S.K.: 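Just passing along the structure, written as C-alpha cells.
Quick caveat: nothing in here was measured; it's all calculated off a predicted structure. If you read the sequence from its start, that first residue is 1, and numbering goes on from there. Quick note: numbers below take in every heavy atom, side chains included, and nothing from hydrogens, waters or symmetry partners.
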Amino acid sequence: MARLDVKHLAVSYNGKNKILNDINLTIEDGELVSLLGPSGCGKTTTLRSIAGLIRSNQGQILVDGKDISRIPVYKRNFGMVFQSYALFPQLTVRENVAFGLKNQHIREPDLSSRVNEMLDIVGLLDYAARFPSQLSGGQQQRVSLARSLVTHPSLLLLDEPLSNLDAKLRVEMREMIREIQQRLKLTMLFVTHDQSECFAISDHVAVMNKGVIEQFDSSESIYHHPLTEFVAHFIGYENFFQVKKFLKNQKYLLDHNLEFTAADSSPNVISLTIRPEDIEIIEKETENSDNHNQLEGKILFSTYLGDSYRYQIDTPLGIVIAVSGTDKKYLSGQPIVLNFPSQKVLGLSK
Ligand SMILES: Nc1ncnc2c1ncn2[C@@H]1O[C@H](COP(=O)(O)OP(=O)(O)OP(=O)(O)O)[C@@H](O)[C@H]1O
Ligand SMILES: [Mg+2]
C-alpha cells in the first residue's frame, strides 16, 4: 500500500491554456479521497497525470515520498478504472479479470479462485464466459472494477466507475468499493461529480473548479462548512445572501439594512449561506420582539418530501428555501417569520 502526494501539478494540452493549475493533494496510506467537480473541471486530466498517461508541465507526484515521474506506467502497480471501461474486446469477462493476475505470474488454482471471488463480489459469475460486446454498460463497468481490484494495486484510480449503473446498484456498488477498500487497506482516488456518492465513500474530499482545488477537507467539513460560494453551490446549499459589509464579531450587514450574525468572522466573507433544514419557521403570532437573525416572509409554495415539507418563501432578501418536519404544514400565502440560528449561518468567500 502507499501514500500519494501530488505537489504543484500543472497541465496544459498542446502548451496553451492551463487545464490544471497548481493541484496539491495528499492521500494517506489506506485512505480513500474523492475528487468532486463539474464536467470539464479537470478530474480525468488529474487522474491521468497521476497514472502517468499525461505528461505534466510542472509539479511532482510522489509515492511513499519518492518521485515516480521516471518510472514507466506499467511498472507503477497502479490500478485504473477508466470512464470508458477500456475492456479487452477479444477477451471474455473471466479473461479480462484474470489479465493482471497473469501478468503478476499468479498460477492456478490461486488464479481461478481470485477471479471467481471477484466476479462473485461484482455479481457477474454467471457472465464469466461472455465477451464485453455482449454486456450492458453497467455490466462492463463492473468487469472493469473487478479487473482493477483483483490485483490489489498499491494505488487505485477510479474515474466515475459507477456512472452507468441504476440508482440501486450504484448504492450497492459504492458500499462494495468502500468495503473492499477498507478490508484490503487500499489507497484510492475516486472521481465523481455526484456529491452524495462522494460523501458516502470518502475519508477526504477535494472539490475542483476550473482546474484548481477549491477546498480539500474531510467529508464532514466539506458538508458542514464549505468555504467558498462555488463549493457551497456544488454540494447543494441553496440560500445565499449577499454581504454588503463586514461589521465586527461575526456580524454582517445585508440588503435592507438587515444585520445577521454568522458562525464565521472575516472581512473576506462575500455571502452568507444556511442549509434549508437549519432554518426555523415560526408562526407570525408567536413572534417575539427580538428580530435579530430573523426575516419576515410569506409561504409561496410547498412540496411534500415524505419525511418533511420543503417551502419556497418570499422574503425581503429574495426567495428562501426552508425544510421543516411534517408535524405542521404551512399554507401558501401564510405570513411567517424565519429564524436563522447564528451557529448555522456560514460565511463564504470568493
Ligand atoms: N486531449 C485533450 N486536448 C485538449 N483539451 C482537452 C483534452 N482532454 C481534455 N481536454 C479539456 O480539458 C478540460 C478538462 O477535461 P477533463 O476530461 O479532465 O474534465 P473532467 O472533469 O474529467 O470532466 P467530465 O466530468 O466531463 O469527465 C476540458 O475543458 C477538456 O475539454
Ligand atoms: Mg472525466
Side-chain angles (χ1 to χ4, degrees), residues 1-4 27-32 47-48 50-53 61-66 68-159 161-162 164-165 169 172-191 201:
M1 299 307 104
R3 167 197 160 107
L4 175 78
I27 312 181
E28 298 291 347
D29 193 359
E31 225 187 29
L32 193 159
L47 221 61
R48 295 178 73 89
I50 293 169
L53 300 169
I61 292 163
L62 310 172
V63 173
D64 290 331
K66 277 190 286 223
I68 56 156
S69 50
R70 297 195 182 278
I71 300 178
V73 176
Y74 66 93
K75 281 194 179 162
R76 291 186 187 188
N77 191 26
F78 289 179
M80 182 143 182
V81 175
F82 295 91
Q83 214 166 351
S84 57
Y85 330 131
L87 298 175
F88 302 114
Q90 76 283 14
L91 301 184
T92 63
V93 166
R94 175 180 299 286
E95 289 163 346
N96 262 284
V97 176
F99 185 84
L101 290 178
K102 284 187 178 160
N103 274 354
Q104 292 180 345
H105 308 293
I106 309 281
R107 293 178 204 286
E108 296 293 1
D110 263 12
L111 181 76
S112 285
S113 82
R114 275 173 70 176
V115 170
N116 285 340
E117 182 197 32
M118 202 42 85
L119 286 175
D120 189 29
I121 287 174
V122 299
L124 288 176
L125 257 186
D126 294 343
Y127 295 78
R130 292 211 196 174
F131 289 93
S133 60
Q134 299 168 316
L135 300 176
S136 73
Q139 288 162 341
Q140 292 182 46
Q141 211 158 33
R142 284 185 278 158
V143 177
S144 178
L145 202 56
R147 187 180 61 176
S148 65
L149 282 169
V150 78
T151 57
H152 304 171
S154 58
L155 174 68
L156 190 54
L157 305 166
L158 301 148
D159 197 352
L162 309 179
N164 276 311
L165 307 180
L169 196 54
E172 279 173 26
M173 293 288 287
R174 79 183 185 208
E175 283 170 2
M176 182 204 83
I177 291 175
R178 182 61 160 163
E179 199 269 318
I180 296 175
Q181 182 263 333
Q182 296 202 317
R183 182 151 46 92
L184 303 177
K185 299 193 171 54
L186 298 174
T187 308
M188 277 197 195
L189 183 57
F190 184 97
V191 165
I201 200 169

S.K.: Hey, mind stepping through L149 and I121 against side chain to side chain contact (heavy atoms under 4.5 Å, CB included) and telling me if it holds?
M.R.: CA-CA 11 Å; L149 282 169; I121 287 174; over 6 Å; no
S.K.: Might you point out which heavy atoms bring N164 and G137 nearest each other, and give the distance in Å?
M.R.: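 Heavy-atom minimum between the residues: CB-C, 4.3 Å.
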S.K.: Distance-only, no hydrogens or angles: does the R130 side chain make a donor-acceptor pair with backbone N or O of V93 under 3.5 Å?
M.R.: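 No: the side chain of R130 does not pair with the backbone of V93.
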S.K.: Just to verify, which of L156, V73, V63, L189 counts as forming a side chain to side chain contact (heavy atoms under 4.5 Å, CB included) with F78?
M.R.: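 When side chain to side chain contact (heavy atoms under 4.5 Å, CB included) is applied between F78 and each of L156, V73, V63, L189, only V63 qualifies.
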S.K.: Is there a donor-acceptor pair under 3.5 Å between the side chain of S148 and the backbone N or O of G79?
M.R.: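 Here the side-chain-to-backbone pair does not exist.
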S.K.: I need the L47 CG to M80 CE distance, nearest 0.5 Å.
M.R.: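 The CE atom of M80 is 4.5 Å from CG of L47, to the nearest 0.5 Å.
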S.K.: Test side chain to side chain contact (heavy atoms under 4.5 Å, CB included) on K66 and I71; report intermediate values, then the result.
M.R.: CA-CA 10 Å; K66 277 190 286 223; I71 300 178; over 6 Å; no
S.K.: Identify the residue among Q182, R183, M188 that makes a side chain to side chain contact (heavy atoms under 4.5 Å, CB included) with L186.
M.R.: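 Exactly one option meets the side chain to side chain contact (heavy atoms under 4.5 Å, CB included) with L186, and it is M188.
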S.K.: Assess whether side chain to side chain contact (heavy atoms under 4.5 Å, CB included) is satisfied between R114 and M118, documenting all intermediate values.
M.R.: CA-CA 6 Å; R114 275 173 70 176; M118 202 42 85; over 6 Å; no
S.K.: In Å, rounded to the nearest 0.5 Å, how long is the span from CG of L32 to CD of Q181?
M.R.: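 With rounding to 0.5 Å, CG (L32) is 4.5 Å from CD (Q181).
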S.K.: For the pair L101 and D110, evaluate side chain to side chain contact (heavy atoms under 4.5 Å, CB included) and give the outcome as yes or no after the intermediate values.
M.R.: CA-CA 10 Å; L101 290 178; D110 263 12; over 6 Å; no
S.K.: Say you draw a straight line from CG of L145 to CD of Q140; how long is it, rounded to the nearest 0.5 Å?
M.R.: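 Rounded to the nearest 0.5 Å, the CG-CD separation comes out at 13.5 Å.
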S.K.: For the residue pair V122 and V143, establish whether any side-chain heavy-atom pair is separated by less than 4.5 Å.
M.R.: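 Result no, sub-4.5 Å side-chain heavy-atom pair not found.
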S.K.: Locate the shortest heavy-atom distance separating A51 from L157; write the atom from each residue and the value.
M.R.: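 Scanning both residues completely, I find the closest heavy atoms to be CB-CD1, 3.7 Å.
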S.K.: Short question: side chain of R147, backbone of N96 - any donor-acceptor pair under 3.5 Å?
M.R.: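 No, because the side chain of R147 does not come within donor-acceptor range (under 3.5 Å) of the backbone of N96.
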S.K.: If only atom types and distance count, is the side chain of D29 paired as donor or acceptor with the main-chain N or O of A2 below 3.5 Å?
M.R.: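 Pair found, side chain donor or acceptor close to backbone of A2.
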S.K.: Show the nearest heavy-atom pair for residues F131 and P89, with the distance to one decimal.
M.R.: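 Of all heavy-atom pairs spanning F131 and P89, the closest is CD2-O, 3.7 Å.
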S.K.: For S112, is there any backbone N or O sitting under 3.5 Å from a side-chain donor or acceptor partner on E108?
M.R.: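 Side chain of E108 to backbone of S112: a pair is present.
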S.K.: Shortest non-hydrogen contact from I50 to I61?
M.R.: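 Smallest interatomic distance, heavy atoms only, reads CA-CD1, 3.7 Å.
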S.K.: Kindly compute the distance separating CG (D126) from CG (L119), expressed to the nearest 0.5 Å.
M.R.: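 Going from CG on D126 over to CG on L119, the span is 10.0 Å.
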S.K.: Which heavy-atom pair separates L162 from Q141 by the least distance, and what is that distance?
M.R.: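 Distance-wise, the nearest heavy atoms are C-OE1, 3.6 Å.
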S.K.: CD/Q104 to OG1/T151 distance, rounded to the nearest 0.5 angstrom?
M.R.: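 Answer for the CD-OG1 pair, Q104 versus T151, is 5.5 Å.
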S.K.: Can you check whether G30's main-chain N or O pairs, donor with acceptor, with T187's side chain at less than 3.5 Å?
M.R.: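 Such a contact is found between T187 side chain and G30 backbone.
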S.K.: Supply the atom-to-atom distance L158 CG to I201 CD1, rounded to the nearest 0.5 angstrom.
M.R.: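 Interatomic distance, L158 CG to I201 CD1, rounded to 0.5 Å: 8.0 Å.
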S.K.: With the side chain counted from C-beta on, respond yes when V97 and L124 share a heavy-atom pair under 4.5 Å apart, and no when they do not.
M.R.: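 No. Closest side-chain heavy atoms not under 4.5 Å.
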S.K.: Between P161 and I177, what is the shortest heavy-atom contact and its length?
M.R.: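 Scanning both residues, the minimum pair turns out to be CG-CD1, 4.4 Å.
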S.K.: Just so I know, are the side chains of L135 and Y85 near enough to count as touching, which here means a heavy-atom distance under 4.5 Å?
M.R.: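 They are not in side-chain contact.
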S.K.: For a quick check under 3.5 Å, do Q139 and R142 share a side-chain donor-acceptor pair by atom type?
M.R.: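 Side chains of Q139 and R142: no pair found under 3.5 Å.
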